[in-house]
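One is the number of the first residue; the rest follow in order along the sequence.
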Amino acid sequence: ASGLFQISPSDWSADGRFLAYTSTALGTSDVWVLPLFGDRKPFSLVQTQFTETGAVFSPDVRWIAYTTNESGQPNVVIQPFPGTGRKYQVSTNGGGQPVWRADGKELFYLGADGTMMAVPIDATGQFDAGVPRALFPTGAASVFIASQTYAVTKDGKRFLVNSRPGQSNLAPLTVVVNWTA
(Lines give C-alpha, C1' and ligand atoms only; values in the text may rest on other atoms or scores of the structure.)
Protein backbone atom coordinates (compact mmCIF):
# COMPACT_ATOMS: atom_id res chain seq x y z
CA ALA A 1 0.00 0.00 0.00
CA SER A 2 1.17 3.50 -0.71
CA GLY A 3 1.37 6.31 1.83
CA LEU A 4 -1.82 7.81 0.37
CA PHE A 5 -4.04 4.73 0.68
CA GLN A 6 -3.80 1.79 3.04
CA ILE A 7 -6.10 -1.05 4.10
CA SER A 8 -5.55 -2.73 7.48
CA PRO A 9 -7.73 -5.76 8.34
CA SER A 10 -8.74 -5.75 12.00
CA ASP A 11 -11.14 -8.67 12.58
CA TRP A 12 -12.93 -11.61 11.05
CA SER A 13 -16.41 -12.33 12.44
CA ALA A 14 -16.81 -15.56 14.42
CA ASP A 15 -19.36 -16.85 11.88
CA GLY A 16 -16.83 -16.28 9.04
CA ARG A 17 -19.23 -14.00 7.14
CA PHE A 18 -17.55 -10.58 7.55
CA LEU A 19 -14.10 -9.01 7.53
CA ALA A 20 -13.66 -5.62 9.24
CA TYR A 21 -10.87 -3.33 8.12
CA THR A 22 -9.59 0.21 8.42
CA SER A 23 -9.27 2.19 5.21
CA THR A 24 -6.81 5.08 5.46
CA ALA A 25 -6.64 7.69 2.72
CA LEU A 26 -5.28 11.24 2.72
CA GLY A 27 -4.90 11.41 6.50
CA THR A 28 -8.30 10.05 7.52
CA SER A 29 -9.27 6.52 8.58
CA ASP A 30 -12.67 4.87 8.42
CA VAL A 31 -14.10 1.46 9.32
CA TRP A 32 -15.30 -0.73 6.45
CA VAL A 33 -16.75 -4.23 6.31
CA LEU A 34 -16.34 -6.80 3.55
CA PRO A 35 -19.10 -9.45 3.39
CA LEU A 36 -17.58 -12.81 2.46
CA PHE A 37 -20.81 -14.00 0.81
CA GLY A 38 -23.19 -12.78 -1.89
CA ASP A 39 -21.81 -9.99 -4.08
CA ARG A 40 -18.92 -9.37 -1.62
CA LYS A 41 -19.29 -5.62 -1.96
CA PRO A 42 -17.56 -3.69 0.87
CA PHE A 43 -19.61 -1.13 2.80
CA SER A 44 -18.59 1.61 5.18
CA LEU A 45 -19.61 1.01 8.77
CA VAL A 46 -18.33 4.37 9.97
CA GLN A 47 -17.24 7.05 7.53
CA THR A 48 -16.86 10.53 9.05
CA GLN A 49 -14.40 13.41 9.15
CA PHE A 50 -13.02 11.83 12.34
CA THR A 51 -10.56 8.95 12.57
CA GLU A 52 -12.08 5.52 13.19
CA THR A 53 -9.94 2.42 13.38
CA GLY A 54 -9.46 -1.14 14.69
CA ALA A 55 -13.01 -2.54 14.53
CA VAL A 56 -13.71 -5.90 16.19
CA PHE A 57 -16.91 -7.97 16.11
CA SER A 58 -18.58 -9.29 19.24
CA PRO A 59 -18.54 -13.11 19.39
CA ASP A 60 -22.27 -13.25 18.49
CA VAL A 61 -21.65 -10.73 15.64
CA ARG A 62 -24.46 -8.45 16.93
CA TRP A 63 -22.08 -5.64 17.97
CA ILE A 64 -18.89 -4.05 16.72
CA ALA A 65 -16.37 -2.08 18.76
CA TYR A 66 -13.83 0.38 17.35
CA THR A 67 -11.72 3.40 18.25
CA THR A 68 -12.72 6.92 17.27
CA ASN A 69 -11.48 10.42 18.07
CA GLU A 70 -14.94 11.96 17.61
CA SER A 71 -14.93 13.18 21.25
CA GLY A 72 -11.59 14.98 20.76
CA GLN A 73 -9.42 12.10 21.97
CA PRO A 74 -9.30 8.41 21.02
CA ASN A 75 -12.07 6.42 22.75
CA VAL A 76 -13.63 2.99 22.33
CA VAL A 77 -17.24 2.85 21.17
CA ILE A 78 -19.63 -0.01 20.47
CA GLN A 79 -22.55 0.04 18.06
CA PRO A 80 -25.01 -2.54 16.70
CA PHE A 81 -23.94 -4.63 13.71
CA PRO A 82 -24.98 -4.66 10.96
CA GLY A 83 -26.80 -1.44 10.37
CA THR A 84 -26.93 1.70 12.35
CA GLY A 85 -27.96 2.49 15.85
CA ARG A 86 -26.87 4.29 18.94
CA LYS A 87 -23.13 4.33 19.65
CA TYR A 88 -22.07 3.57 23.22
CA GLN A 89 -18.76 5.01 24.42
CA VAL A 90 -17.21 2.45 26.77
CA SER A 91 -13.84 4.05 27.54
CA THR A 92 -14.02 7.01 29.89
CA ASN A 93 -10.64 8.76 29.69
CA GLY A 94 -9.35 7.76 26.29
CA GLY A 95 -8.54 4.36 24.91
CA GLY A 96 -8.15 2.15 21.89
CA GLN A 97 -7.56 -1.33 20.48
CA PRO A 98 -10.70 -3.09 21.76
CA VAL A 99 -10.79 -6.89 22.09
CA TRP A 100 -13.84 -8.95 23.12
CA ARG A 101 -13.64 -11.80 25.60
CA ALA A 102 -14.78 -15.02 23.85
CA ASP A 103 -18.15 -15.08 25.65
CA GLY A 104 -18.87 -11.42 24.79
CA LYS A 105 -19.38 -10.47 28.44
CA GLU A 106 -16.28 -8.30 28.70
CA LEU A 107 -14.40 -5.91 26.45
CA PHE A 108 -10.72 -5.14 26.91
CA TYR A 109 -8.94 -2.05 25.63
CA LEU A 110 -5.79 -0.04 26.21
CA GLY A 111 -6.32 3.16 28.18
CA ALA A 112 -4.73 6.40 26.97
CA ASP A 113 -1.72 5.76 29.24
CA GLY A 114 -1.32 2.15 28.04
CA THR A 115 -3.10 0.55 31.00
CA MET A 116 -5.05 -2.62 30.16
CA MET A 117 -8.69 -1.89 30.91
CA ALA A 118 -11.73 -4.19 31.20
CA VAL A 119 -15.42 -3.29 30.85
CA PRO A 120 -18.24 -5.71 31.72
CA ILE A 121 -20.76 -5.94 28.87
CA ASP A 122 -24.38 -7.09 29.04
CA ALA A 123 -25.92 -7.25 25.58
CA THR A 124 -28.56 -9.89 26.31
CA GLY A 125 -31.35 -7.30 26.17
CA GLN A 126 -30.78 -3.57 26.01
CA PHE A 127 -27.04 -2.88 25.68
CA ASP A 128 -25.31 -2.08 28.98
CA ALA A 129 -21.61 -1.40 29.54
CA GLY A 130 -20.31 -1.33 33.10
CA VAL A 131 -17.62 0.86 34.60
CA PRO A 132 -14.12 0.32 33.12
CA ARG A 133 -11.54 -1.02 35.56
CA ALA A 134 -7.77 -0.91 35.29
CA LEU A 135 -6.07 -4.30 35.16
CA PHE A 136 -2.33 -3.57 34.77
CA PRO A 137 0.10 -1.20 33.01
CA THR A 138 1.31 -2.58 29.68
CA GLY A 139 3.97 -0.19 28.43
CA ALA A 140 2.29 -0.38 25.00
CA ALA A 141 3.62 2.21 22.60
CA SER A 142 0.38 3.55 21.11
CA VAL A 143 -3.32 2.97 21.66
CA PHE A 144 -4.58 4.67 18.48
CA ILE A 145 -3.45 2.37 15.68
CA ALA A 146 -5.37 0.03 13.40
CA SER A 147 -3.62 -3.19 14.45
CA GLN A 148 -3.65 -4.89 17.84
CA THR A 149 -0.57 -4.79 20.04
CA TYR A 150 -1.92 -7.41 22.43
CA ALA A 151 -3.86 -10.68 22.54
CA VAL A 152 -6.19 -12.11 25.18
CA THR A 153 -6.96 -15.75 25.97
CA LYS A 154 -10.58 -16.84 25.45
CA ASP A 155 -11.29 -16.74 29.20
CA GLY A 156 -9.81 -13.22 29.50
CA LYS A 157 -7.33 -14.22 32.21
CA ARG A 158 -4.01 -14.06 30.33
CA PHE A 159 -2.56 -11.43 28.02
CA LEU A 160 0.31 -11.25 25.57
CA VAL A 161 1.40 -7.63 25.07
CA ASN A 162 3.86 -6.17 22.58
CA SER A 163 5.34 -3.38 24.69
CA ARG A 164 8.29 -1.04 24.84
CA PRO A 165 11.26 -2.12 26.93
CA GLY A 166 10.98 -0.53 30.36
CA GLN A 167 13.60 0.93 32.60
CA SER A 168 15.29 -1.77 34.63
CA ASN A 169 16.10 -1.43 38.32
CA LEU A 170 18.82 -4.07 38.07
CA ALA A 171 22.38 -3.17 38.98
CA PRO A 172 24.70 -2.73 36.00
CA LEU A 173 26.80 -5.69 34.97
CA THR A 174 30.51 -5.24 35.58
CA VAL A 175 32.96 -7.23 33.46
CA VAL A 176 36.52 -7.60 34.75
CA VAL A 177 39.13 -8.58 32.16
CA ASN A 178 42.58 -9.86 33.00
CA TRP A 179 41.43 -10.55 36.55
CA THR A 180 44.35 -12.89 37.18
CA ALA A 181 46.93 -10.13 36.44
Are [X] and [Y] side-chain neighbours, meaning at least one heavy-atom pair lies under 4.5 Å?
X	Y	answer
Ile78	Trp100	yes
Thr28	Glu52	no
Val90	Pro132	no
Leu110	Thr115	no

Nearest heavy-atom neighbours spanning [X] and [Y]:
X	Y	result
Thr24	Ser29	OG1-OG, 2.8 Å
Ser58	Asp60	OG-OD1, 2.6 Å
Val56	Ser10	CG1-O, 4.2 Å
Pro9	Tyr21	CA-CB, 3.7 Å
Asp15	Arg17	OD1-N, 3.0 Å
Leu135	Ala118	CD1-CB, 3.8 Å

Between [X] and [Y], is there a shared hydrophobic cluster once you connect ILVMFWY residues whose side-chain heavy atoms come closer than 4.5 Å?
X	Y	answer
Leu19	Val31	no
Trp32	Leu45	no
Met116	Val99	yes
Leu34	Trp12	yes

Checklist entry - With sequence neighbours left out, which residue pairs that include part of residues 79-104 fulfil the salt bridge (charged side-chain N to carboxylate O under 4.0 Å, His left out) condition? => result Glu70-Lys87, Arg101-Asp103, Arg101-Glu106

Checklist outcome for this item: The complete set of salt bridge (charged side-chain N to carboxylate O under 4.0 Å, His left out) pairs with one or both residues in residues 20-38, sequence neighbours excluded, reads none

My understanding is that only residues two or more places apart in sequence, or in another chain, count here; which of them pass side-chain contact (heavy atoms from CB on, under 4.5 Å) with [X]?
X	value
Ser71	Gln73, Asn75, Gln89
Ala102	Lys154
Asn178	Ala181

Name all residues meeting the side chain to side chain donor-acceptor pair (under 3.5 Å) criterion together with [X]; count only those two or more places apart in sequence or in a different chain, and write none if there are none.
X	result
Asp39	none
Asn93	none
Ser23	none

Can you name the residues that form a ring-ring contact (aromatic ring centres under 6.0 Å, His included) with [X], not counting sequence neighbours?
X	value
Tyr109	none
Phe50	none
Phe37	Phe18

Is it true that a side-chain atom of [X] and a backbone atom of [Y] form a donor plus acceptor pair closer than 3.5 Å?
X	Y	result
Thr53	Thr67	no
Arg62	Ala123	yes
Thr22	Gly54	yes

Next on the checklist: Under a 3.5 Å threshold, yes or no: a donor from one side chain and an acceptor from the other, between Thr149 and Gln97?
Outcome noted: yes

Item to check | side-chain contact (heavy atoms from CB on, under 4.5 Å) evaluation trace for Val131 with Val119 | outcome: CA-CA 6 Å; Val131 176; Val119 179; over 6 Å; no

Checklist entry - Step by step, would you call Val46 with Gln79 a side-chain contact (heavy atoms from CB on, under 4.5 Å)? => result CA-CA 10 Å; Val46 186; Gln79 72 179 49; 4.0 Å; yes

Checklist entry - For residues 55-75, which residue pairs qualify under ring-ring contact (aromatic ring centres under 6.0 Å, His included), counting only residues two or more places apart or in two chains? => result Phe57-Phe81, Trp63-Phe127

Checklist entry - So Phe108 and Phe159, would you call those rings parallel, tilted or perpendicular, with 30° and 60° as cut-offs? => result perpendicular

